[in-house]
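Only one structure is covered here, and it is reproduced in the block below.
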Amino acid sequence: MFSTVLIANRGEIALRVARTCREMGIRTIAVCSDSDRDSAVARYADKCVRIGPSAARLSYLNPAAIVTAALQNGAEAVHPGYGFLSEDPDFAEICEANGLTFIGPPAALLRRLGDKAQAREIARAAGLPVLPGSSRSLASLEEAREVAALIGYPVIIKATAGGGGRGMTVVRDPREFGRSWARLRAVAQATFNDPRLYLEKFLENARHVEVQVLGDGAGDVIHLGERDCSVQRRRQKLVEETPAPGLPGELAERIRAAAVYAAREVNYAGAGTYEFLVGDDGDFVFMEVNCRIQVEHPVTEQVTGIDLVREQLRVAAGYGLSVTQEDVRPRGVAIEVRVNAEDPERGFLPTPGVLDEFLPPSGPFVRVDTHGFPGFRVTADYDPLLAKVTVWAPDRRQAIERVDRALAEFRVAGRGVHTTRDFLRRVVAHPVFRAAKHTTGLVDEMAVEDAERLRPAG
Amino acid sequence: MFSTVLIANRGEIALRVARTCREMGIRTIAVCSDSDRDSAVARYADKCVRIGPSAARLSYLNPAAIVTAALQNGAEAVHPGYGFLSEDPDFAEICEANGLTFIGPPAALLRRLGDKAQAREIARAAGLPVLPGSSRSLASLEEAREVAALIGYPVIIKATAGGGGRGMTVVRDPREFGRSWARLRAVAQATFNDPRLYLEKFLENARHVEVQVLGDGAGDVIHLGERDCSVQRRRQKLVEETPAPGLPGELAERIRAAAVYAAREVNYAGAGTYEFLVGDDGDFVFMEVNCRIQVEHPVTEQVTGIDLVREQLRVAAGYGLSVTQEDVRPRGVAIEVRVNAEDPERGFLPTPGVLDEFLPPSGPFVRVDTHGFPGFRVTADYDPLLAKVTVWAPDRRQAIERVDRALAEFRVAGRGVHTTRDFLRRVVAHPVFRAAKHTTGLVDEMAVEDAERLRPAG
Amino acid sequence: MGMTNETTDPTAHGIDELCRQATQLARTAPAPLRSVRVQAGELLVALEWPENPAAAAPPAAGVVTAAAPAEPAEAPPPDGTFAITAPLVGTFYRAPSPGAPPFVEVGQDVAAGQQVAIVEAMKLMNPVEADRPGRVVEVSVTDGTAVEYGEVLFVLAPPEAAAP
Amino acid sequence: MGMTNETTDPTAHGIDELCRQATQLARTAPAPLRSVRVQAGELLVALEWPENPAAAAPPAAGVVTAAAPAEPAEAPPPDGTFAITAPLVGTFYRAPSPGAPPFVEVGQDVAAGQQVAIVEAMKLMNPVEADRPGRVVEVSVTDGTAVEYGEVLFVLAPPEAAAP
């Protein structure tokens with residue numbers, strides 16, 4: 001096993017990775033930007049290297065700084081966490097070129113699956129159902145228009161280099177198509193430094209169901225069950241749970257099998273997630289693959305008892321997986337809620353500030369993953385995720401009561417700081433969510449309900 | 001189910017009970033003494049009633065104050081937690097006499113099993129192995145001397161009304177017997193208001209193994225596996241784990257069966273613990289029954305997924321158990337460590353003070369039960385338990401690495417405040433503990449090792 | 001101090017200002033003051049609050065309660081009045097029996113050891129007595145209601161203060 | 001604060017005004033006050049806050065470190081000296097090549113834009129330049145060692161201070 005690992009990330013996931021490393025006796029090197037010098041992981045890791053200013057582009061997105069820090073401190077491997085450089089094939093190549101093991105799939109696979117249009121084709125070729133759409137990135141607006149007309153509106157335009165809910169836009173009116181295309185093209189160029197776009201039929205009111213897979217890179221791929229992440233706001237997940245509730249008949253089993261089959265086809269290595277959409281017709285289509293640990297991985301860990309970061313490290317170090325498919329026996333229900341430093345009353349505006357009080361929930365069957373602590377300064381430099389609260393229970397009803405109990409316990413106070421805690425309590429209390437009849441449209445529906453409640457009667 | 005429950009306790013267990021009540025939609029009434037007016041549970045419960053001064057005798061041990069508070073606030077039941085009045089048959093009777101459901105076994109059973117000499121006889125009658133000893137409380141020193149001589153030294157004198165490690169003394173030298181007898185008799189009178197004593201053969205270097213049982217009061221009793229609590233200091237448990245490690249062959253199964261059989265014999269109701277000693281000969285003997293929720297119940301909850309407080313509430317409300325023996329499928333290993341506000345460097349002297357910093361561990365598979373928070377004042381009025389850290393892992397090796405990781409994360413700071421954190425890390429790092437060859441003698445052996453380390457060489 | 005008599009002397013008027021403003025400033029802070037300095041020569045107002053992080057935290061932060069002293073720190077009111085509190089949890093009764101005249105009325109003088117009320121708990125009538133002499137200035141609890149341990153039942157003024 | 005001139009009693013009214021300002025400030029405060037000073041001679045309003053609640057905690061509390069400002073708060077040293085820091089993570093070299101004379105020595109004057117060192121990262125030799133003129137008073141890092149981003153490489157004194 002590695003003796004030293006550099007963690008090329010920040011926030012709760014950097015701490016999460018460091019914890020498993022500590023348990024495995026692996027020395028940890030953290031990296032930090034100027035604004036993270038007093039972060040939880042900076043204090044937790046065996047060493048923390050300051051790699052750049054607050055701007056992510058010059059620190060957490062700076063391969064040279066990260067690789068240099070790794071080499072200078074005797075790291076043998078780099079764990080990229082999620083976001084930042086975690087799915088960047090160039091970064092993976094630079095690591096390997098410098099004798100560092102990139103903890104994730106090989107660069108070539110990252111490249112193939114990172115091209116979302118190509119990933120879609122690979123899945124289709126493997127026999128997975130996909131939505132009607134373009135079989136590749138589209139060269140011109142004219143071509144795109146034709147394809148859109150062919151598959152019929154509404155359509156969703158996606159950035160080839162996008163993913164994780166970023167770089168996509170829905171077009172319902174053909175007359176809007178040109179403008180939307182141009183706008184997203186500009187966004188894609190700016191965000192991913194890659195203007196390519198592709199098209200798909202847009203599925204209204206679908207459920208987001210994803211399958212956690214683990215591959216040993218030697219052809220063996222297993223799944224750890226599926227997660228429902230349908231509670232989203234602007235395609236950012238807010239609540240995740242496993243198993244996916246209220247799926248008709250054998251559907252979940254078919255989705256899991258499809259993911260494993262597709263992952264075997266590409267000889268997947270490490271932890272990955274196959275994302276699908278499930279329509280109200282009860283059928284499913286492939287969406288994309290995430291070649292990294294997911295934010296929502298704890299729900300899978302709590303029902304399976306398997307430490308996913310540990311499996312990532314094992315596979316990267318050539319030890320293979322510690323479990324077979326037979327060993328994976330999910331038990332009960334786990335729900336995760338993301339508590340963000342945002343103000344739902346002001347359109348989920350991020351609210352930076354110092355946490356005068358920070359008392360996360362605890363007690364029976366409650367897990368908290370957070371980088372927060374009393375005195376912690378929430379900055380506007382990075383994403384507003386403050387804490388992930390995950391609960392386990394024998395059944396979904398108890399899990400919902402438990403997550404509400406846990407959220408109610410969570411005390412966060414700081415001048416100017418707001419959180420999504422109360423909004424999340426409203427979500428898990430919502431009858432549609434409790435009945436497991438919710439789709440990705442739930443949060444918008446709640447906004448409409450609020451508007452109606454506010455409108456004067458009569 | 002009850003609509004309102006009064007929690008007749010304090011500290012982490014009061015909060016623990018309130019959490020499950022909250023999840024079940026039960027209104028909670030907390031009680032507090034003067035020094036607990038700002039406690040976690042006082043802030044957490046739906047209402048908190050001040051019942052007396054700091055002295056437990058006038059507050060948490062005051063049945064009239066507790067019952068009055070319950071009646072005045074519409075409570076239908078009283079949860080006694082552990083310690084204090086939790087096993088007091090008189091209190092249980094007063095509750096019932098006032099139309100309050102006592103959440104625990106019926107008073108009559110508390111009386112029979114609370115008399116440790118009688119409990120021993122009941123177990124023996126039920127065919128459980130017991131140590132050679134007196135079949136009842138002994139009337140006189142002379143009679144006691146004869147029994148001691150008969151069973152042979154070393155012997156242990158126990159208070160009939162004692163239990164939970166309190167009110168017992170070991171006699172190795174017959175010449176010491178008289179003094180020890182007199183001293184313990186005085187202690188018993190003072191502590192339990194009952195001077196009666198009985199005798200048993202003392203078993204050196206035994207393991208403490210206990211079985212968690214649940215009875216529905218209608219004749220059905222199930223077990224939730226056993227716990228090893230051999231790491232003790234002056235008979236107070238410091239580390240508990242389940243399953244019991246390194247027991248020869250089918251021994252654990254035989255111990256579990258014995259506990260269930262004995263509990264059925266008395267038609268046990270609610271949650272209870274049958275405590276046994278396992279000698280190095282690999283044989284086991286019955287010690288006592290604890291008719292309450294145990295401090296160490298979380299390890300059982302984490303491997304079985306069963307909320308023990310919820311089962312207590314169900315049985316007390318007449319709903320019976322939510323699980324059958326077949327549903328109980330323990331998975332993996334759980335270890336609990338008790339972090340006390342004591343200074344191991346000064347003979348585990350309690351160290352009261354205000355917690356300027358209090359950052360409990362968290363992350364994967366870590367559970368914390370604590371009433372502490374930043375700004376919390378640890379008083380000298382009650383037991384020094386500050387937090388219980390419980391971890392789960394698929395196997396014991398990983399569980400040990402995890403509990404050490406969790407302990408290392410735990411940050412407690414306050415003027416004058418010390419904790420047992422580092423001592424517990426030494427315990428779980430000890431080769432004898434890691435090899436699961438430890439007995440109740442481990443902590444004393446560690447003290448000897450320290451002394452030897454300090455002694456100048458040569 | 002000089003405040004009482006009205007004057008046009010700028011400095012004294014300044015003092016008046018200072019005190020008025022000091023009071024106003026004091027109100028702007030959530031935490032209790034640690035010190036107040038009022039100077040006339042060169043005119044100075046200086047207020048200081050404790051540095052205790054909990055006490056300094058905004059009310060929003062529950063740590064304020066969290067870090068409050070565990071033991072009740074009810075400072076005796078400046079006017080020398082004192083309270084008779086409930087010796088136990090129970091029901092407060094002002095009279096020995098329903099319909100009977102109350103043990104004490106507002107304005108009445110009580111002697112040390114004199115019974116002033118009953119707190120009933122589990123059918124036991126527990127007499128409440130004054131621990132020192134005084135004049136009843138307030139009955140703080142309604143007859144027949146539930147009281148917690150330590151709850152204020154009566155406020156009394158010291159006998160001397162009660163003299164005209 | 002020209003307002004003070006609009007009164008017959010400048011001092012007292014000045015105080016009034018000062019306090020009004022102070023009260024204003026106190027209300028719009030980022031955190032609870034620690035101290036307020038108001039003076040009229042030479043007119044002064046001084047409000048003081050703890051940097052933050054945690055920082056006000058006793059040293060025992062590790063939260064002190066926890067709550068230290070996230071952005072580096074290296075105040076410029078009083079003597080006017082200033083630092084040249086590493087622009088990136090890498091290896092610090094004082095000379096253009098092994099054996100060659102170093103770019104700068106202690107006591108040497110450097111001009112703005114003059115190269116003073118190299119920080120090598122991934123085989124790239126990145127020149128480090130002085131952003132303003134000064135005299136080298138300290139070389140803070142040993143030649144050939146690893147440096148983090150922002151690490152102090154040289155301490156310089158301003159040219160005028162360097163003059164005899």
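This one's a predicted model, so the numbers in the text were calculated from it and none came from an experiment. Proteins come first, then strands; the chains are lettered A, B, ... in the order of their sequence lines, and each starts at number 1.
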| Expected output: side-chain Glu148(C) to main-chain Arg50(B) donor-acceptor under 3.5 Å | yes
| message | So which residue, Ala64(B), Gly52(B), Ala65(B), ends up with the most heavy-atom pairs under 4.5 Å with chain C? | response |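 Sorted descending by pairs with chain C, the first entry is Gly52(B).
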| Who wins among Ser59(B), Ser39(B), Pro53(B) for the most heavy-atom pairs under 4.5 Å with chain C? | Pro53(B)
| Thr68(B) vs Glu120(C), side-chain contact (heavy atoms from CB on, under 4.5 Å): CA-CA, chis, key distance, verdict | CA-CA 9 Å; Thr68(B) 305; Glu120(C) 178 265 323; over 6 Å; no
| Sub-4.5 Å side-chain heavy-atom contact between Gln72(B) and Thr91(C) |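 Counting from C-beta outward, Gln72(B) and Thr91(C) do come under 4.5 Å.
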| message | Before you tell me yes or no, could you show the steps for Ile94(B) and Met122(C) under side-chain contact (heavy atoms from CB on, under 4.5 Å), namely the whole-Å CA-CA distance, both residues' side-chain angles and the distance that decides it to 0.1 Å? | response | CA-CA 10 Å; Ile94(B) 296 167; Met122(C) 302 187 67; 3.5 Å; yes
| task | With a 4.5 angstrom heavy-atom cut-off, could you sort out which part of Val147(C) is near chain B: side chain, backbone, both or neither? | result | backbone
| Heavy-atom proximity to chain C below 4.5 Å, by part of Asn98(B) |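 Side chain of Asn98(B) only, per the 4.5 Å heavy-atom cut-off to chain C.
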| field | Greater than 12 external heavy atoms within 6.0 Å of Arg346(B)'s CZ | value | yes
| field | Over 12 foreign heavy atoms within 6.0 Å of CZ, Arg111(B) | value |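 For Arg111(B), atom CZ is crowded (more than 12 foreign heavy atoms under 6.0 Å).
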| message | Apply side-chain contact (heavy atoms from CB on, under 4.5 Å) to residues Val49(B) and Tyr149(C) and explain how you reach the verdict. | response | CA-CA 8 Å; Val49(B) 181; Tyr149(C) 165 81; over 6 Å; no
